[in-house]
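Scope of the values below: all heavy atoms of this structure, side chains included, with no hydrogens, waters or symmetry mates. Reminder, nothing fancy here: chain letters follow the sequence lines and each chain counts from 1.
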Number of protein chains: 2
Amino acid sequence: MEESCSTVETALEILVGKWKPVILYHLFTSGTMRFSELQRALPNITKKMLTSQLRELEYHDIVHRKIYMQIPPKVEYSITEYGLKMGPLLQAMNDWGTSHMQHLNELYGDDRKVQALEAIQD
Amino acid sequence: MEESCSTVETALEILVGKWKPVILYHLFTSGTMRFSELQRALPNITKKMLTSQLRELEYHDIVHRKIYMQIPPKVEYSITEYGLKMGPLLQAMNDWGTSHMQHLNELYGDDRKVQALEAIQD
DNA sequence: CAGAATCCGATAAGATACTG
DNA sequence: CAGTATCTTATCGGATTCTG
């Protein structure tokens with residue numbers, strides 16, 4: 001009974017964290033990226049946050065971390081094969097989110113949109 | 001470009017908050033519920049949290065709030081017609097979450113499951 | 001380059017008491 | 001009954017500094 005909502009929470013668990021959707025977006029569209037590339041793609045994220053978010057995604061087997069044993073260090077991140085299965089879900093969330101923003105605009109006007117864009121800043 | 005992930009965040013926005021998925025679950029399955037019924041269904045939530053989560057869902061036009069002008073007060077909550085459109089998304093998240101819990105079990109064993117169940121407690 | 005470690009402020013969430 | 005108000009605690013996220 002309660003399980004049927006705790007599983008929704010499982011899905012949320014791996015998505016929450018202010019930066020995970022953006023990180024996944026970049027990894028899905030760009031394929032393999034180095035740590036520093038991700039930093040450049042997300043100008044406002046700190047190393048600490050980027051590291052922690054990636055580690056959580058790695059724990060969930062969504063993101064793969066490949067370490068090159070060399071100096072200077074080189075680490076590449078990519079979506080795992082299992083992680084690719086999330087694609088449709090992310091797409092569904094994206095689609096719903098898009099139409100919901102439209103719905104909010106119809107209800108309250110476009111002010112909210114401005115706020116949202118200001119809140120992102122990257 | 002960045003919009004394609006900010007809309008995912010829009011979807012997350014209305015789902016995050018520790019209790020929203022459970023609240024939606026109950027309203028989806030039980031239809032109309034009074035405030036006190038929701039309290040009984042979610043033994044561990046405080047009135048403050050229940051109120052705030054419901055108000056946010058109301059703002060997003062997912063939940064409808066019907067006030068009966070009488071004493072003692074009576075307020076009924078239900079999913080709006082627009083909110084019903086979230087059903088498939090919630091179902092998709094639920095499905096993915098279910099299979100992901102299974103995946104985590106395969107990766108790390110069933111210890112996690114126990115933790116998750118302990119964490120819910122309702 | 002890719003982080004780890006520490007500190008600190010902001011926000012979310014819980015406990016408790018009060019009210020029309 | 002269905003909240004509100006206030007206070008405290010826990011968690012999250014950001015800034016800064018240090019390192020192999």
Problem set entry | Lys/Arg-Asp/Glu bridge criterion (N-O < 4.0 Å) met for A:Lys20, A:Glu56 | yes

To the nearest Å, how far apart are [X] [atom1] and [N] [atom2]?
X: B:Glu76; N: D:dG3; atom1: CD; atom2: C1'; answer: 16 Å
X: B:Leu50; N: C:dA15; atom1: CG; atom2: C1'; answer: 16 Å
X: A:Glu56; N: D:dT11; atom1: CD; atom2: P; answer: 14 Å
X: A:Leu54; N: C:dG3; atom1: CG; atom2: C1'; answer: 11 Å
X: B:Met33; N: D:dG3; atom1: CE; atom2: P; answer: 14 Å
X: B:Asn44; N: C:dA15; atom1: CG; atom2: C1'; answer: 13 Å
X: A:Arg40; N: C:dA2; atom1: CZ; atom2: C1'; answer: 13 Å

Exercise. What are the residues of residues 64-72 of chain A, sorted by number, that bring a heavy atom to within less than 4.0 Å of DNA chain C?
Worked result: A:Arg65, A:Pro72

Looking at the side chain of [X], which of [options] is the nearest nucleotide?
X: A:Gln53; options: D:dG13, D:dG20, D:dG3; answer: D:dG13
X: A:Tyr77; options: D:dG3, C:dG14, C:dG3; answer: C:dG3
X: B:Arg55; options: C:dG14, C:dC1, D:dT4; answer: D:dT4
X: B:Phe35; options: D:dG20, C:dG14, D:dA2; answer: D:dA2

Test your reading of the model: is there a side-chain donor-acceptor pair from [X] to the backbone of [Y], 3.5 Å cut-off?
X: A:Thr80; Y: A:Asp61; answer: yes
X: B:Glu37; Y: B:Arg34; answer: yes
X: A:Thr7; Y: A:Thr10; answer: no

Problem set entry | B:Ile14, B:Leu84, B:Leu27 screened by side chain to side chain contact (heavy atoms under 4.5 Å, CB included) with B:Ile62, the one that passes | B:Ile14

Exercise. Would you say a side-chain N or O of B:Arg34 is under 4.0 Å from OP1 or OP2 of D:dA2?
Worked result: yes

Problem set entry | Side-chain N or O of B:Trp19 closer than 4.0 Å to phosphate OP1/OP2 of C:dG14 | yes

Problem set entry | Sub-6.0 Å ring centroid separation between B:Tyr77 and B:His64 | no

Exercise. Is it true that B:His103 and B:Tyr108 have ring centroids separated by less than 6.0 Å?
Worked result: no

Exercise. With no angle test and no hydrogens, is the base of C:dG14 tied to the side chain of B:Lys48 by a donor-acceptor pair under 3.5 Å?
Worked result: yes

Exercise. Hey, does the side-chain of A:Lys47 have a donor or acceptor N/O within less than 3.5 Å of a partner on the base of C:dA2?
Worked result: yes

Problem set entry | A:Ser36 vs B:Thr46, nearer the 5' end of DNA chain C by closest nucleotide | A:Ser36

